[in-house]
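Report on the structure given below.
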2 protein chains.
Amino acid sequence: MFEQLYKSIHAHVTLTPEEWEFCKTKFIPKRLRRRQYLLQQGDVCRKLAFIEKGALVAYTIDDKGTQKVIQFGFEGWWIADLYSFLTNEPSALNIEALEDSELLLIDKVEHEELMEQVHAIGNYHRILFQNAFIALQRRVGNTIGTTAGEKYNTLVEEFPASFFNRIPQHLIASYLGVTPETLSRVRNQRASQRD
Amino acid sequence: MFEQLYKSIHAHVTLTPEEWEFCKTKFIPKRLRRRQYLLQQGDVCRKLAFIEKGALVAYTIDDKGTQKVIQFGFEGWWIADLYSFLTNEPSALNIEALEDSELLLIDKVEHEELMEQVHAIGNYHRILFQNAFIALQRRVGNTIGTTAGEKYNTLVEEFPASFFNRIPQHLIASYLGVTPETLSRVRNQRASQRD
DNA sequence: TCTTTTTCTTGCCCGATATCAATGGATAGG
DNA sequence: CCTATCCATTGATATCGGGCAAGAAAAAGA
């Protein structure tokens, strides 16, 4: 149940066995079935979720009713609406399971206590945010002033196939900021170029 | 010289007077004249910069020679190529002063020592990264699937005028991922609508 | 102040992508 | 196994924004 979390933490910092045992007590396991919501637009995001297994997607629905994918999440990643979590304001995001998934949840009080008691966890989160920040900056750079084809190529390069192949195309299209039709045509051209 | 840094840190965490005195010893002041580089593409980013005064811009030049603005920085903000800083790989970014500016620099060794000695500084950076991450996610949401006009409107709303007005339009255009010509037309339409 | 350089604006045309619509496949659930 | 729904594909057309060029305006530097 805690393998992925253990791996994730220890990839960045070191905990004593006691610290790790303490850590585990702070999380609540939760299962989600495919299509089930972890968070719905309008609700306050009260827990951070670590994904032990499965795949999720975070998205908004804009005024015109168009879905915009903000983030994907797979085993070993964290997912939440951080803004809502920190401010207690209603979330603008939906977070939904793409597959049956297993999560570990932690609420704000427990999380703060954990960081206080186990100093390394604060560092762990700082490093994760650093990395997430860097990844997001790359994404922005890849979104600005590029054609649909370039965006797609970069995504294919940067995303491991083991994750990539589990995402429906229309969500990839939304993530890239193009329509499903455009993505379909782009893929077609790529395929014919590689003959 | 350290007013902005003091304000920034104490907006998020609390330092004892001794910690603050220690903190100050870790930074090196630096002045940049307008147009001067803080970092050039190809160089390794060896220092984090805190902006005491002035305005900077971080951008890449892509294959076609087009400038892409990744980030602006003003007094009270940090700026650096974090990826290069952490990995010691050559940076893909240029960071340049838009105005004569005053910076406080800190290199990796000093920064790590500072975080080790002054625990609150680690928290300070974690909180800053959190906020930066949230802001970047908003930016992505605002970039995906919106017209040039919408992008501009959102930017005007979210950026304080005291910063906004100091940025040349062609850099704002690049930041939004549109051409200067398009931005000019968008502004024109907005102006005529508000009669 | 005057000159030079940079930045912004405007018009025209073109191309990439959105939009609309129709069809065929895949998938899930009864 | 069958049916309903969702998803991907393809074509036809419309639209937004890009690229180019010329000139105006503004700002920097002397």
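So that the names make sense, note that chain A is the first sequence line, chain B the second, and so on, each numbered from 1. This one's a predicted model, so the numbers in the text were calculated from it and none came from an experiment.
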So side-chain hydrogen bond (donor to acceptor under 3.5 Å, both in side chains) across residues 155-169 of chain B, not counting sequence neighbours, yields B:Glu75-B:Arg166, B:Glu99-B:Arg166, B:Gln169-B:Arg187

Worksheet item: Does atom CD of A:Glu21 have more than 12 heavy-atom neighbours from other groups under 6.0 Å away?
Response: yes

| So, do B:Tyr175 and B:Phe72 have ring centers that fall under 6.0 Å from each other? | yes

A:Asn123 and A:Arg126 side chains, donor-acceptor separation under 3.5 Å = yes

Protein-proximity profile, nucleotides 24-30 of chain C, B/S/- by nucleotide at the 4.0 Å heavy-atom cutoff, equals -------

To the nearest angstrom, the CG-P distance between B:Leu98 and C:dT7 comes to 10 Å

Are B:Val44 and B:Leu93 grouped together when hydrophobic residues (ILVMFWY) are joined by side-chain heavy atoms under 4.5 angstrom apart?
no

B:Ile144 CD1 to C:dA18 C1', in whole Å, measures 16 Å

Atom NZ of A:Lys151 and atom C1' of C:dA18 are separated, to the nearest Å, by 13 Å

Contact check, residues 176-185 of chain B vs DNA chain D, heavy-atom distance under 4.0 Å, returns B:Gly177, B:Val178, B:Thr179, B:Glu181, B:Thr182, B:Arg185

Footprint ends on DNA chain D, 5' to 3', for atoms under 4.0 angstrom from a heavy atom of chain B, come out as D:dG17 to D:dA28

Fill in: C:dC8 phosphate, OP1 or OP2, under 4.0 Å from B:His170 side-chain N/O
yes

To the nearest 10 degrees, the angle between the two end axes of the helix from C:dT1-D:dA30 to C:dG30-D:dC1 (five pairs per end) comes to 70°

Can you check whether B:Thr147's main-chain N or O pairs, donor with acceptor, with B:Glu150's side chain at less than 3.5 Å?
-> yes

Residues passing the side chain to side chain contact (heavy atoms under 4.5 Å, CB included) test with A:Lys108, sequence neighbours excluded, are A:Phe85, A:Asn88, A:Glu112

(message) Apply side chain to side chain contact (heavy atoms under 4.5 Å, CB included) to residues B:Tyr83 and A:Gln137 and explain how you reach the verdict.
(response) CA-CA 10 Å; B:Tyr83 179 75; A:Gln137 262 193 354; over 6 Å; no

